[in-house]
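Worksheet for the structure shown next.
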Amino acid sequence: MPPALLLARTTLTEARRGGLPWLALGCLALATGLAAFLSQVAVTESRELQAAFAAALLRAGAAFLLAAHIAASLVRESNDKVLELALALPLSRSQYYLGKLAGFGACGACLAAAFCAPLLFWAPPEAVALWGLSLACELLLVGAASLFFAITLAGVLPALAATTGFYLLARSMAGIQLLARGPLAEESIAQSVARGAVDAVALLLPRLDAATRADWLIYGLPAPAEFGTTLGSLILYCTLLAAAGLFDFHRRNL
Amino acid sequence: MNAGERALQAVPGRIWAALLCALALHLGVQTLRPAPAAEAADLPPPPSAQTLRAASLGEPAALARLAMLYLQAFDLGAGNTLPYRQLDYVRLEQWLRAILDTDPRSQYPLFTAARIYAEVDDAAKSRRMLEFVHQAYLKDPNRRWPTLAHATLLARHRLRDMPLARRYAADLQRLTTDPAAPLWATQMEIFILEDMDELEAAKIVLGGLLAAGRISDPQERRFLQERLEALERRLASKP
């Protein structure tokens with residue numbers, strides 16, 4: 001087996017033997033229970049409410065669990081000098097980095113598959129399948145971002161804070177752009193500068209608001225072109241993050 | 001016991017005492033606090049639809065429905081129709097409009113406007129809600145005709161405002177082009193001109209919606225069934 005794949009397998013095994021499966025189960029139980037409770041309070045659209053709420057909660061929960069797991073795992077490896085030991089073996093830095101990314105990507109795919117299951121109660125299987133595929137790609141991106149920040153910042157809290165900030169900003173950027181261009185925004189130099197700054201930040205971020213949408217579960221499947229573009233842009237951004245991470249990793253003195 | 005842990009006896013007595021005292025104090029304070037109560041008058045100004053969209057983190061469908069549950073908490077908690085009247089209907093309409101703009105495909109804001117907030121014994125407030133439903137209908141007739149059909153009945157039977165009911169009915173007839181819309185909906189004008197009582201009309205409309213399979217949600221079906229029974233009781237108690 002190639003060394004990178006071997007590393008990916010050990011990364012997956014580490015996640016399976018750690019607390020991640022139990023935390024995922026807890027997240028599933030919480031989302032399903034809360035959705036069931038809220039549907040009892042609703043006077044109409046109870047099925048849609050359950051699907052939308054559970055999907056939104058599971059999506060955010062999966063991203064947070066994966067980012068926290070990656071940050072904790074990599075910082076522990078760094079503190080225990082496992083990284084130095086691994087690089088002393090016939091394993092290049094690129095193989096190590098990409099092997100880790102593949103392992104965390106596989107963790108994300110497993111989480112996405114598990115988190116799709118309860119949604120089958122409230123949404124058609126084909127919509128759930130597309131939602132799950134999009135979630136797997138989104139988690140691959142979160143994994144790439146978390147790996148990048150954990151290796152660059154070398155601390156659990158800074159890495160988790162940076163990943164969370166990046167993820168929230170990427171998801172809310174379209175809304176922030178709408179706010180900046182809204183009818184209440186006055187025309188002034190300061191406003192134009194602020195709008196330009198918002199547009200510049202948006203240019204650097206992936207459009208996570210367009211991915212893994214609960215709308216797909218409620219109102220029907222997205223157009224194939226729209227879905228393809230969304231997934232393609234997520235994978236492209238993962239490549240960018242992986243390249244940036246490799247660049248930083250190769251420059252580091254260990 | 002885990003190998004990495006010491007026995008409970010290893011914890012000093014003062015730590016035990018501090019823990020138990022703090023727990024007892026917390027429970028005492030929580031017990032003495034009054035239960036949270038819904039205050040109909042305190043509906044805050046709504047955020048704009050753009051702010052709601054930005055806050056939804058790309059999940060407008062989920063946030064719109066959670067915002068509706070938040071709005072419901074200002075009235076349904078009391079369990080009767082009196083608090084609805086105490087609500088500030090100007091703000092209520094702003095909230096419903098912002099939520100509908102956040103997720104235009106949701107029927108929830110229109111359903112509550114027509115079936116809950118418009119059914120108060122206050123003609124001005126009821127008119128405000130019916131007008132909100134009518135304006136929303138004009139933007140998407142083929143999705144929103146069921147709520148305007150109910151609003152037409154309310155205008156005819158509760159407000160006894162025939163010109164208003166005919167205006168709504170005429171729009172229903174003119175603008176609804178959905179082939180799945182039943183005949184009674186697109187011929188509402190004739191329907192309301194007939195000398196029919198409120199219960200009979202409501203039964204036809206609800207029966208039609210159920211027969212057409214448009215009400216598949218169990219919560220909505222239960223809610224409408226309860227409303228129909230309440231209407232039957234109200235009309236039976238009239239001399």
Side-chain angles (χ1 to χ4, degrees), chain A residues 31 34-60 63 122-123 134 138 164 167-185 198 206-220 230, chain B residues 38 47-73 75-77 98-99 101-117 119 143 146-147 150 209 214-227:
Chain A
L34 270 177
F37 166 71
L38 289 179
S39 76
Q40 294 305 307
V41 189
V43 289
T44 184
E45 295 192 346
S46 58
R47 190 187 61 81
E48 287 86 349
L49 175 72
Q50 287 182 87
F53 179 75
L57 198 61
L58 288 172
R59 179 186 175 192
W122 311 300
S134 176
E138 184 174 323
T164 308
Y167 181 72
L168 292 180
L169 202 57
R171 279 186 58 171
S172 53
M173 210 57 220
I176 294 172
Q177 277 182 298
L178 275 179
L179 269 181
R181 295 178 192 287
L184 295 178
V198 166
R207 283 285 312 272
L208 281 185
D209 62 291
T212 328
R213 294 179 67 98
D215 299 21
W216 300 344
L217 303 170
I218 304 171
Y219 301 126
T230 304
Chain B
S48 67
Q50 288 167 328
T51 311
L52 278 176
R53 276 192 165 268
S56 73
L57 299 175
E59 296 282 11
L63 188 80
R65 284 165 179 81
L66 285 178
M68 277 311 303
L69 294 186
Y70 167 76
L71 200 55
Q72 273 177 223
D75 43 49
L76 286 185
I99 294 169
D101 287 345
T102 303
D103 183 9
R105 287 183 287 184
S106 173
Q107 297 282 353
Y108 208 136
L110 294 172
F111 182 88
T112 50
R115 299 273 178 186
I116 297 175
Y117 300 122
E119 293 198 7
R143 192 189 300 272
T147 38
H150 181 68
L209 285 170
R214 293 197 73 94
I215 305 175
S216 55
D217 189 272
Q219 291 288 102
E220 186 173 333
R221 198 181 302 127
R222 188 174 59 80
F223 179 84
L224 293 178
Q225 191 62 43
E226 283 172 8
R227 279 293 157 115

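Computed from heavy atoms alone, side chains included, the values below leave out hydrogens, waters and symmetry copies. Letters A, B, ... mirror the listed sequences (proteins, then strands); counts begin at 1.
Here the closest heavy-atom approach between residue Asp215(A) and residue Arg105(B) is recorded as OD2-NH2, 3.4 Å. The heavy-atom pair separating Pro60(B) from Arg213(A) by the smallest distance is CG-NH2, 3.6 Å. Shown here for Gln50(B) and Leu178(A), the closest heavy-atom pair between the two residues is NE2-O, 3.7 Å.
Contacts of Leu208(A) with chain B are absent, with no heavy-atom separation under 4.5 Å from either backbone or side chain. Only the side chain of Phe111(B) comes within less than 4.5 Å of a heavy atom of chain A; its backbone N, CA, C and O stay farther away. For Ala56(A), the parts lying near chain B are the backbone and the side chain together; criterion is any non-hydrogen pair under 4.5 Å. Neither the backbone nor the side chain of Arg207(A) comes within contact range of chain B; no heavy atom of the residue lies under 4.5 Å from a heavy atom of that chain.
Heavy-atom pairs under 4.5 Å with chain B were tallied for Leu49(A), Asp209(A), Ile176(A); the largest tally goes to Leu49(A).
For the pair Met68(B) and Glu45(A), the minimum side-chain heavy-atom distance is 4.5 Å or more. Contact of the Leu69(B) side chain with the Phe53(A) side chain is not registered, since no non-hydrogen atoms from C-beta on lie closer than 4.5 Å.
Tyr108(B) places no side-chain N or O within donor-acceptor distance of the main-chain N or O of Ser46(A), the cut-off being under 3.5 Å.
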Determine, stepwise, if the pair Gln107(B) / Thr44(A) fulfils side chain to side chain donor-acceptor pair (under 3.5 Å).
CA-CA 8 Å; Gln107(B) 297 282 353; Thr44(A) 184; over 6 Å; no

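The distance from atom OG of Ser106(B) to atom CD1 of Ile218(A), rounded to the nearest 0.5 Å, is 8.0 Å. Note: Thr51(B) OG1 to Leu179(A) CG = 5.0 Å, rounded to the nearest 0.5 Å.
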